[in-house]
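To start, the structure itself, in structure tokens.
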Protein chains: 2
Amino acid sequence: MSAATRSRTSDPLEARRAILDQASQLLAESGPEALTMRKLSQRIGASTIVLYRHFRDKQAILDELYLEGFERLRADLARVPLSDPLPYVMDLGRAYRRCAIANPTYYQVMFTRCIAEFDPSPESREVSKQSFLILAGAVQRCMDLGVAARGDAAQIAHILWGTLHGLISLELFGYMPPSVSGEARLEHALTIMRDGLVSPLSPNIP
Amino acid sequence: MSAATRSRTSDPLEARRAILDQASQLLAESGPEALTMRKLSQRIGASTIVLYRHFRDKQAILDELYLEGFERLRADLARVPLSDPLPYVMDLGRAYRRCAIANPTYYQVMFTRCIAEFDPSPESREVSKQSFLILAGAVQRCMDLGVAARGDAAQIAHILWGTLHGLISLELFGYMPPSVSGEARLEHALTIMRDGLVSPLSPNIP
DNA sequence: CAGGCGCCCATAACACTGTTATGTTCAATC
DNA sequence: GATTGAACATAACAGTGTTATGGGCGCCTG
């Protein structure tokens, strides 16, 4: 019972990783509805019960994928090189879209209830906010350096996030016309947002 | 066989309506995952087979709810009184949010794949664009009357829609802080968008 | 080194889902 | 009133997530 001699096949952490890898592949290849416990168990060459030995239930597996999706997003945003404040914010927006388009099924798990039996755990939701902080920091920087009107940076960042998410979400759902590329549309949206932030007009113009 | 004497219980159109009403209630009361064919059949006091007599499958029922959701949205937007061009666009945005918040489960069916076995039919997707046309027309009016910079009105409308959808979607999903009301956040976003549309800066400011 | 304990795993089942084949029952027609 | 045909309930099929039941293997103990 010496803490490292407990499993029959191999390292339990390794098994966990294998399960998550296969779940991730299954998700990316065939979409959320194809990610069933039976299919997953077949992939790792075992019975369903093995999955339940490593994870409490399907929710727990999806929770890990959810976290992995947000970690990819956070990492992609963190990779964006710092530049002038406004262009940096726009670069973050571009990176956000690239990440979502590159991992559409992950994005679904992160932002839609595409699997009935999944609702992210409170802890996971906390982690998900990490990526947001990068964006909020970038907005704050714009205000601090005086290139955007002062105000509640978090609020502005939330609005930016909403715009990014909405455009991407509608694009992934097929509501956007194919005549304009999603990239160009995002570019346009970012420009409008920037202009609105740089030069706010009086609160009550006609 | 005189075309009106075919059903055992009552008017088939009436039965259809009853099924959809119960489905709508079930959806609003207990969410998408509670909308099962068995529960629905129990609600109308019949067997599941009756549902399949009136609808090809569950998809067809959900398709009707999808259409009903977009019809409510279109009607709500159409009810917004015409005013000065820019305030009218903003009023449309406010009405859009009100409608979404008032019918959250409908909004889920319309914009997320919350039910695995449902994907709106091509015809339904066409109908869904009707509400968008109201928004696009309002943006075009701003350009025609010279209160917004000229450009592709449809593109701007798509961006506006994306912003609305993103903010509402994140709000419904619980990603927005409760410290600020969704209404106030939308107000702020609409203002930023308006300012960006009214006074576009040079395309390449720092 | 033999014994036995304990964990791991596969099988099969439960309760649920959408969907449908099998009979039964009722209403309109001849 | 008998017949025909459509509408219906029941029960089943193939799936789903999850778990209770046992068999089998590895490791510690005597």
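Throughout, protein chains are lettered first and strands after them, A, B, ... in sequence-line order, and every chain is numbered starting at 1.
- The separation between Leu62(B) atom CG and dT17(C) atom P is 15 Å, rounded to whole Å.
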- Task: Determine, step by step, whether Arg72(A) and Asp76(A) satisfy the salt bridge (charged side-chain N to carboxylate O under 4.0 Å, His left out) criterion, reporting the C-alpha distance in whole Å, the side-chain angles of both residues, the deciding distance to 0.1 Å, and the verdict.
- Result: CA-CA 6 Å; Arg72(A) 289 188 189 186; Asp76(A) 280 10; over 6 Å; no
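- As judged by a 4.0 angstrom heavy-atom cut-off over every strand, Leu35(B) is placed among residues touching the sugar-phosphate backbone only.
- Atoms CD (Glu33(B)) and P (dG18(C)) sit 12 Å apart, rounded to a whole Å.
- The rotation axes computed at either terminus of the helix from dC1(C)-dG30(D) to dC30(C)-dG1(D) lie 30° apart, taking five pairs at each end and rounding to 10 degrees.
- Rounded to an integer number of Å, the gap from Leu40(A) CG to dT16(D) P is 12 Å.
- Considering only side-chain atoms of Met37(A), the nucleotide from dT20(C), dA10(C), dG17(D) that sits closest is dG17(D).
- One can place CG of Leu26(B) at 11 Å from P of dG18(C), the figure rounded to the nearest angstrom.
- Pairing each heavy atom of Leu172(B) with each of Tyr107(B), the nearest pair is CD1-CD2, 3.9 Å.
- For the 3.5 Å distance criterion, the side chains of Ser169(B) and Tyr175(B) fail to qualify, holding no donor opposite an acceptor.
- Ranking dT18(D), dG18(C), dA9(D) by closeness to the Val50(B) side chain, first place goes to dA9(D).
- In this structure, the side chain of Asp57(B) engages the main chain of Ala60(B) through a donor-acceptor pair within 3.5 Å.
- Contact check on Asp144(A) versus Arg141(A) returns no salt bridge, with no Lys/Arg side-chain nitrogen under 4.0 Å from an Asp/Glu carboxylate oxygen.
- Remark: P of dC8(D) and CD1 of Ile19(B) are 9 Å apart, rounded to the nearest angstrom.
- dT16(D) atom P lies 14 Å from atom CD1 of Ile61(A), rounded to whole Å.
- Between Arg194(A) and Glu187(A) no salt bridge is recorded (no basic side-chain N to carboxylate O distance below 4.0 Å).
- At whole-Å resolution of the value, CG in Leu51(B) and P in dA9(D) are 10 Å apart.
- For the pair Arg53(A) CZ and dT18(D) P, the computed distance is 15 Å after rounding to whole Å.
- Legend: residues meeting salt bridge (charged side-chain N to carboxylate O under 4.0 Å, His left out) with Glu29(B), ordered by chain and number and at least two apart, are Arg43(B).
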Protein and nucleotides 11-16 of chain C: nitrogen or oxygen contacts under 3.5 angstrom:
unit_1, atom_1, unit_2, atom_2, d
dA13(C), N6, Arg38(A), NH2, 3.4

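- By the neighbour-count criterion of 12 heavy atoms within 6.0 Å, atom CD of Glu183(B) is sparsely surrounded, having that number or fewer from other residues, nucleotides or ligands.
- Residue whose closest nucleotide on DNA chain D sits further toward the 5' end, between Tyr52(A) and Ala46(B): Ala46(B).
- Checked by atom type and distance alone, the side chain of Asp152(A) pairs as donor or acceptor with a backbone atom of Gln155(A) at under 3.5 Å.
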